Every structure is written in structure tokens, then in C-alpha cells.
Amino acid sequence: QVQLVESGGGLVQVGDSLRLSCAASGRSMSTYGMAWFRQVPGKEREFVASIDWSDDTTYYADAVKGRFTISRDGTKNTVYLQMNSLEFEDTALYSCAADFLGRGSSYSSRYEFWGQGTQVTVSS
């Protein structure tokens, strides 16, 4: 089992930056593809970014490309999402997810383990 705990969310203004963290416990993240998804009430969960377990190749949704960066720190068993130039539309509950030997899929059904999420609210 892998336990995931997100942190770093908050209330910010348009144009600000935030860094989300996802701390894993239970197993090493080194063999897991990791991803961030987001969801707003009444809408489908949306892929944000992911990182391949084998070579750290990263993937992004078009809506965040160039503004968000996903990375991992194996020594801390933590995945990060650096979010710059935040927009009102980025307001959502952000959750991280783990996929054993995952190659960075954008499909939420691929991911076996999920955190509870951290709320990001961007005020205009």
C-alpha cells in the first residue's frame, strides 16, 4: 500500500505561484509513475501533469503547459507541482496519484493510489 498526503494549497491571487507537495509513505515512489489531477464540484476529474517512473519524462495538460512543472525527489519520497502564473480557472481540489510502473498516463483509472487532495483557490 502507498499512502499519499498532499500539502501546499491555499488562497492566492491571479498571477501568483504555489508549490504543491505529495509525500508518499508505505513504499518507495521510485517504481511508481506519479500524477496530479484536479477537480471542481460538478465537473469531471481533470489530468494536470504526470511523470514516468522509468526516466522521469513529464507530461502536461494543454491548459497548464508552460506554467506548471511536475518533479520528484526520491530522497524525500515526494512529488511536487510548481504552479506559476496561476489563473482563476486553476481553482480546484488537487490530488496526487500513484501508478505502479506507470509511464505517465493521463487516465485517472490507471492510478491505484490517491491522496485526499489539497485545495487551490485563485481569486481574480
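Treat the numbers as computed from the prediction; the structure is a model and nothing was measured. In this chain, numbering begins with 1 at the start of the sequence shown.
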Looking at every non-hydrogen atom in both residues, tell me the closest pair between [X] and [Y] and how far apart they are.
X      : Y     : answer
Leu18  : Gly8  : CD2-O, 3.5 Å
Met34  : Ala98 : SD-CB, 3.6 Å
Gly33  : Trp53 : N-CB, 3.5 Å
Gln119 : Thr91 : NE2-CG2, 4.1 Å

Taking [Y]'s backbone N and O only, do any of them form a donor-acceptor pair with [X]'s side chain (distance below 3.5 Å, no angle check)?
X      : Y      : result
Thr58  : Ile51  : no
Ser123 : Val12  : yes
Thr121 : Leu11  : no
Glu6   : Gln116 : yes
Asp73  : Thr78  : no

Kindly compute the distance separating [atom1] ([X]) from [atom2] ([Y]), expressed to the nearest 0.5 Å.
X     : Y      : atom1 : atom2 : answer
Gln1  : Ser25  : CD    : OG    : 10.5 Å
Asp52 : Ser105 : CG    : OG    : 11.0 Å
Ser95 : Trp36  : OG    : CH2   : 8.0 Å
Arg45 : Lys43  : CZ    : NZ    : 15.5 Å

Residues in salt bridge (Lys or Arg N to Asp or Glu O under 4.0 Å) contact with [X], at least two apart in sequence or another chain:
X     : answer
Arg67 : Glu87, Asp90
Arg72 : Asp56
Asp62 : Lys65
Asp16 : none

Close side-chain approach of [X] and [Y], heavy atoms under 4.5 Å:
X     : Y     : value
Arg38 : Val64 : yes
Val79 : Cys96 : no
Asn84 : Ser17 : yes

Hydrophobic clustering (ILVMFWY, side-chain heavy atoms < 4.5 Å, transitive) - are [Y] and [X] grouped together?
X      : Y     : result
Leu101 : Ile70 : yes
Leu20  : Tyr80 : no
Val122 : Leu93 : no
Met29  : Val5  : no

| Residue pairs fulfilling ring-ring contact (aromatic ring centres under 6.0 Å, His included) with at least one residue in residues 12-35, sequence neighbours excluded |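 For residues 12-35, and leaving out neighbouring residues, the ring-ring contact (aromatic ring centres under 6.0 Å, His included) pairs sorted by first residue read Tyr32-Phe100.
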| query | Could you give all pairs that pass the disulfide bond (SG atoms under 2.5 Å apart) test and reach residues 54-94, with sequence neighbours left out? | reply |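 Sorted result for residues 54-94: empty, none.
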| field | Inter- and intrachain pairs under disulfide bond (SG atoms under 2.5 Å apart), touching residues 35-87, at least two apart | value |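 Listed by first then second residue: nothing to list.
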Among all residues two or more places apart in sequence or in another chain, which pass the ring pair (Phe, Tyr, Trp, His ring centres under 6.0 Å) test with [X]?
X     : value
Phe88 : none
Tyr59 : none
Phe37 : Phe47, Tyr111, Trp114
Phe68 : none

| said: Ser30: which residues meet the side-chain contact (heavy atoms from CB on, under 4.5 Å) condition with it, sequence neighbours left out? | reply: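 Testing Ser30 for side-chain contact (heavy atoms from CB on, under 4.5 Å), a comparison that skips the adjacent residues, returns Ser28.
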| message | Let's go through Gln13 and Leu86 carefully: what are the C-alpha distance in whole Å and the side-chain angles of both, what is the deciding distance for side-chain contact (heavy atoms from CB on, under 4.5 Å) to 0.1 Å, and is it a yes or a no? | response | CA-CA 8 Å; Gln13 294 188 326; Leu86 281 161; over 6 Å; no
